[in-house]
Amino acid sequence: MSVRFDVITLFPELFAPFQTVGVTRRAFESKAVDVRLWQLRDHAEGVYRRVDDRPFGGGPGMVMLVEPLVRALAAIRADQVSTGAPKLPVIMFSPAGKPLTQARVQALSQSPGAVLLCGRYEGVDQRFIDAHVDEEVSMGDYVLSGGELPALALIDAVTRLQPGVLHDAASHEQDSFSDGLLDCPHYSRPEVLTLPDGESVGVPPVLMSGHHAQIARWRREQQLAITARRRPDLIEAARSRGELSKQDEHFLSNLGL
Ligand code: SAM
């Protein structure tokens, strides 16, 4: 099953280079992830093809107009019907949305996809949001100039979960958040690194032991320690889901945090 994203944007050119590089490229080439770009201005009327206007009530900035958005969405719906795609939910990017999580990304990666609305200016006329937007998604507590980078981030996160995109299927299973915790540290060659001041830095000996159970336990404990120090909220969430073993709890209590 492929995942389809219909992206409404004023800057479709931002998406093209992204689809030609990295591990995700194959997913786009094979249409495992089908990204369709919809230039909002193509659905605006008049000589100037306006997509924005001043806010009622005054104040700075411009507001994205309802009517071009309605026409763009109608064109997407018609295309979805003609290609046999289901009616996909509309996700709008907004700092006021729910922060995107790996759990939401995983759910989207197993869904037929979504319409992604990239805001610009001060945002979108609320009447369009009330009538047509199913979900508002935030990238975090900061303000970007548009929803294109959030859309690219969401598409990338979903794409790398598609079967066959990552060379090692287990790779994303040990990523941060997949098991509710942050990732453990990683090491590779050389086994001993010589710093400019002559100091030698090795790697944790357990990683060279060849003892898989001990390595797995060390990694789990590193994950627990990093998560407890940096994101205690994630430890609490994992605990409340019953995902911490007795051994995990013993390790955490010895950390003395
Ligand atoms: N006036 C808006 C506010 O204060 O919340 C900010 C508008 S911002 C300049 C323009 C567009 O960028 C938004 O409509 C949204 O689509 C996108 N955007 C900006 N920051 C974002 C964030 N943290 N998460 C998701 N989308 C964001």
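Numbering of residues begins at 1 and proceeds along the displayed sequence. Both counts, for ligands and for their atoms, begin at 1 and track the order of listing.
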Tell me whether V137 has any N or O atom under 3.5 angstrom from an N or O of ligand 1. no
Please tell me whether T83 and R4 have a donor and an acceptor in their side chains that are separated by less than 3.5 angstrom. yes
Only heavy atoms of G147, strictly under 4.0 Å: list the atoms of ligand 1 that pass. 12 (O), 16 (O), 17 (C)
Any idea which protein heavy atom is nearest atom 27 (C) of ligand 1, and the distance to it? P95 CD, 3.8 Å
What I want to check is whether the side chains of S245 and D248 have a donor and an acceptor closer together than 3.5 Å. yes
Check A96 against ligand 1 and report side chain, backbone, both or neither, counting heavy atoms closer than 4.0 Å. neither
Could you tell me whether some N/O pair between F93 and ligand 1 is separated by less than 3.5 angstrom? yes
Enumerate the atoms of ligand 1 whose separation from the nearest heavy atom of P150 is less than 4.0 angstrom. 25 (C), 26 (N)
Is it true that R217 and E221 have a side-chain N and a carboxylate O under 4.0 angstrom from each other? yes
Which protein non-hydrogen atom lies closest to atom 10 (C) of ligand 1, naming both residue and atom, and how far is it? Y121 O, 3.2 Å
Check: G140 N/O within less than 3.5 Å of ligand 1 N/O: yes
Using a strict 4.0 Å threshold on nitrogen-to-oxygen distance, state whether R239 and E243 make a salt bridge. no
Consider side chain to side chain contact (heavy atoms under 4.5 Å, CB included). Of V66, D130, L69, D53, which one does D125 pass it with? V66
Closest to atom 18 (N) of ligand 1 (judged by heavy-atom distance), picking from A151, G61, G146: G146
For R219 and C184, indicate whether the former's side chain and the latter's backbone hold a donor-acceptor pair under 3.5 Å. no
Is at least one protein non-hydrogen atom found at under 4.0 angstrom from atom 12 (O) of ligand 1? yes
Keeping the roles fixed (side chain from T9, backbone from C118), state whether a donor-acceptor pair exists under 3.5 Å. no
Using atom types as modelled and distance alone, determine if a side-chain donor or acceptor of T20 lies under 3.5 Å from a backbone N or O of P17. yes
One thing to verify: whether R160 and D175 come together as a salt bridge, which I'm taking to mean a side-chain N less than 4.0 angstrom from a carboxylate O. yes
Nearest-neighbour protein heavy atom for atom 24 (N) of ligand 1, which is reported as residue plus atom name and distance: M139 N, 2.9 Å
Which heavy atom of the protein is the closest neighbour of atom 14 (O) of ligand 1, given with residue, atom name and distance? G119 CA, 3.6 Å
For E122 and ligand 1, does the shortest N/O to N/O distance drop below 3.5 Å? yes
In this structure, atom 25 (C) of ligand 1 is nearest to the protein heavy atom S94 N, 3.4 Å
How far is atom 23 (N) of ligand 1 from the closest protein heavy atom, and which atom is that? Y142 O, 2.7 Å
among protein heavy atoms, the one nearest atom 8 (S) of ligand 1 is L144 O, 3.2 Å
Take atom CD of E67 as the centre, draw a 6.0 Å sphere, and report whether it contains more than 12 heavy atoms from other residues, nucleotides or ligands. no
What is the closest protein heavy atom to atom 6 (C) of ligand 1, and at what distance does it sit? V143 CG1, 3.9 Å
Verify whether one side chain among Q80 and D6 offers a donor that lies under 3.5 Å from an acceptor in the other. yes
